[in-house]
Amino acid sequence: MDGVRVHLAGPPFLEHGTGNGRRPHGRKAWGLLAYLVLHHAPTPRAQLAAMLFPDAVDPLGALRWHLSDLRRVLGSDVSLQGDPLTLQLPPSSWTDMEPGTPLPSTGDHPLSAELIEGLDFSDCPGFDSWLTVERHRLRHRVETAAYEGGLSALAGGDTATAVQLAARALELDPLNPDFHALLVRSLVAAGDRAGARDSADRCAALFAEQLGAGLPAEVQHALAAPDTGIGTLPATRVAVRSYLEAATASLAAGATGSALAQLRVAGGLAERTGIRALQAEALLSLAGALIHGAGGRGAEVSDLLHRAASLSRDGPPSLQSAAYRELGFLAVQRGFPTSGLHWLGQAEAAAAGLDDETAKALGVRGMLATDTADYPTARSALQESIRLSSQMRAVRQEAFARTMLGRVHLLTGQLQSAALELDAALTLADRDHWVAFLPLAEALRSEVHLLSGEDSLAVEMAEHATALAAAFGDRCFIDAATHAKTKALLSAGHMDAAGSWILRGLGRNPWYRWFRGRNLELACTADLRSNPQRALGYARELGELSSRYGHDELTVRAYSFLDLLGDGAVGAAIPVLAGRISNPLLHAELALRNQL
C-alpha cells in the first residue's frame with residue numbers, strides 16, 4: 001500500500017503506506033479534509049474560509065495554513081490547489097466515504113455511524129450545518145448497510161450474522177419497523193421463536209410508548225408462520241407456471257388480493273420442486289406484485305427480493321437483472337441512494353445485450369438521479385430508456401420513462417419540454433389502457449399547466465389525478481396528485497382548503513419518500529408567512545429527512561426556509577450545498593432570496 005487510507009467514519013484516522021504516522025493538526029484540519037473528500041464540487045476559497053474560520057482575523061490565511069498542513073500529511077502526490085479549491089488523491093489512495101466503498105460490518109470493526117466522530121464545530125455554524133447534512137447521510141448509509149447486509153445473510157442462511165446486523169440497525173433507528181421485522185424474521189429462521197416473540201413484545205411496548213401505535217404490521221407478518229396454502233397440490237413446473245399465469249391475469253383485472261394468494265401458492269410449490277431459477281421467478285413475481293400492486297415496502301418484500309436475487313444466479317440473465325432492478329427500485333423509493341446505485345449497477349451488468357431489461361433499469365436509474373438532484377445523469381438515463389423502449393414498442397416502459405423525464409424538466413424549469421414529454425406519456429398510457437398510471441403523469445402535467453398560466457387546465461387535471469389515484473389506492477400517486485391539487489388551491493388563494501390537502505400529503509408511512517419530502521417543502525411554502533412557527537417545524541423535518549435520504553435539492557430548499565425563518569447558522573452552507581446541483585431554476589430562486 002503506497003498511498004494514504006483516509007478513515008472518516010467514526011473517530012478519524014489515516015493509514016500511510018510508508019508508515020510515516022503523520023496526522024493533521026487539530027479538529028479543523030480534520031474538518032477541512034472531510035469537506036474536501038465529501039464535497040466533490042470545487043469550492044471558492046473565500047467561501048470555505050468563511051465557513052471554517054468565521055472568527056479568524058485572517059480567514060484566508062488560516063485556510064492556507066491548514067491546506068499546507070494537509071499537504072504535509074497526505075504526501076507529495078496529492079493535488080490540493082486552485083481557487084475554487086479541489087482535492088485529488090493519488091490513485092493508490094482510498095477513502096471510506098466513496099459511494100461504492102463497503103463499510104465493515106462485523107468482527108473488530110463495527111459499522112461506524114458518525115462522521116469524524118467526537119469533533120465539535122458548533123463555533124463554526126456554517127460548517128456545522130454542512131457537517132450535519134453529511135452526518136445524517138452517513139448514518140443512513142450505515143443503517144442501510146446493516147439492514148441490507150442482514151437481509152443478504154438471511155437469504156444465504158447465515159442467521160447469526162442476520163441477527164447481529166438487524167440488532168445493529170435497531171441501535172441506530174429503534175423506531176424503524178423494518179429493522180424490528182428483520183430481527184424477528186432472523187430469530188424465527190434461527191429457530192429461536194421465544195426470542196422472536198420477546199423481540200416483538202419489546203417492539204410493541206416501544207411503539208406504544210413513543211408513537212401511541214400498536215405492533216407494526218411488518219413485525220406481525222414476520223412473527224406469523226407462513227401459510228402458502230399449497231396443501232397436497234403437486235409440486236411440478238407445470239403447476240407453478242399455472243399459478244403464475246393465473247396471478248398475471250388477476251393483476252391485469254385489478255384483483256390484487258387474489259393474485260397475491262396465487263403467487264404465494266406458486267412460491268410454495270416452486271420451493272418444493274427444488275428448481276432454483278423457478279423459485280427465483282416465483283419469489284420475484286410475488287415481490288413485484290407486493291411492490292407495484294399492494295404498496296409493499298417493508299422487510300417482507302425486501303426479504304423476498306434478496307432471496308430471489310440469490311436464487312436467480314442459476315437462472316437466465318433477464319431474471320437476475322429483474323431481481324436486481326426491483327431491489328434498486330425499492331431502494332430508490334425508500335430513500336437508500338447508495339444501495340440503489342449498487343443494485344442498479346448489478347441490474348445493468350446482468351442486462352447486457354437485453355434491450356428490454358436495460359430500458360427498465362435505466363428508467364429506475366433516472367428516478368434515482370432525479371431524486372438526488374443529479375439532473376444530467378437523469379436526463380441521459382431516461383432518454384436512453386425512451387429510445388430503447390420506443391424501438392421495442394414497449395409502450396408502458398416508454399410512458400414511464402417519458403413521465404420521469406417530464407419530471408426532470410418540470411423541476412429544472414423547462415416547461416415546454418416538460419409539457420411535450422408528459423403529453424406523450426399520457427397518450428401512450430391511454431393507448432395501452434394503463435389507467436392506473438395516469439394519476440402520476442396527470443399530476444405532473446397539472447403543475448406544468450399552472451406554471452404556464454393555464455390555471456383552469458391545471459385545476460381540471462389535478463382533480464382527475466386525485467380522484468383516480470384515490471380509486472386505485474396507490475400512495476405514491478396519491479402524494480403526487482395531492483401536491484398538484486394543493487398547488488392549484490394555493491394559486492387560487494384557497495388557503496383553508498389547501499391546508500387540509502397538505503395534511504393529506506404528509507401522512508405517515510409514505511411509499512415514496514421523495515414525494516413526501518416535496519409535500520413538506522410545499523407545506524413550508526404555504527405557512528412561511530401565515531404560520532412561521534409551523535413552517536419552521538416542517539423545514540427542520542425536511543432538512544433532516546432529505547439529508548438522510550440523499551435528496552440534495554430538497555435539503556437546500558429546507559435550509560433556504562430555515563434561513564428565511566431566522567436560523568442564521570445555515571446561511572453559509574446554502575451556496576455550498578447548492579453549488580453541486582446543476583439546476584438554474586434553483587439557483588435563480590436562491591438568488592432572489594439573496595442566499596447565494
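The stretch residues 361-411 participates, sequence neighbours left out, in no ring-ring contact (aromatic ring centres under 6.0 Å, His included) pair at all. Legend: ring-ring contact (aromatic ring centres under 6.0 Å, His included) pairs involving residues 268-312, not counting sequence neighbours, sorted by first then second residue: His292-Phe329, His306-Trp343. Applying the ring-ring contact (aromatic ring centres under 6.0 Å, His included) test to residues at least two apart or on different chains, the pairs with a partner in residues 185-211 are His180-Phe207.
Under the ring pair (Phe, Tyr, Trp, His ring centres under 6.0 Å) criterion, Phe515 pairs with Tyr512, not counting sequence neighbours. Residues passing the salt bridge (Lys or Arg N to Asp or Glu O under 4.0 Å) test with Arg402 are Glu398, Glu421, sequence neighbours excluded. Take Arg475 and apply the salt bridge (Lys or Arg N to Asp or Glu O under 4.0 Å) test, not counting sequence neighbours, and it matches Asp479. By the side chain to side chain contact (heavy atoms under 4.5 Å, CB included) test, Gln220 is found to be paired with Leu215, residues two or more places apart in sequence or in another chain being considered. Take Glu300 and apply the salt bridge (Lys or Arg N to Asp or Glu O under 4.0 Å) test, not counting sequence neighbours, and it matches Arg264. For Phe336, the ring pair (Phe, Tyr, Trp, His ring centres under 6.0 Å) test picks out His140, with sequence neighbours left out. In terms of the salt bridge (Lys or Arg N to Asp or Glu O under 4.0 Å) criterion, residue partners of Glu281 (sequence neighbours excluded) are, by chain and number, Arg241. Listed by chain and residue number, nothing satisfies the ring pair (Phe, Tyr, Trp, His ring centres under 6.0 Å) test with His483 (two or more places apart in sequence, or in another chain).
Using a cutoff of 4.0 Å between basic side-chain nitrogens and carboxylate oxygens, Arg387 and Glu384 are scored as salt-bridged. We find that Asp371 and Arg518 are not joined by a salt bridge, their nearest charged nitrogen and carboxylate oxygen being 4.0 Å or further apart.
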Pair Arg307, Ser310 - check side-chain hydrogen bond (donor to acceptor under 3.5 Å, both in side chains), show working. CA-CA 5 Å; Arg307 288 163 57 198; Ser310 178; over 6 Å; no
Under 3.5 Å, side-chain donor or acceptor atoms of residues 349-360 against the rest of the protein: list the pairs with distances, not counting sequence neighbours.
residue: Glu357; atom: OE1; partner: Arg325; partner atom: NH1; Å: 2.7
residue: Thr358; atom: OG1; partner: Ala351; partner atom: O; Å: 3.2
residue: Thr358; atom: OG1; partner: Leu354; partner atom: O; Å: 2.9

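The backbone N or O of Leu506 sits less than 3.5 Å from a side-chain atom of Arg516, completing a donor-acceptor pair.
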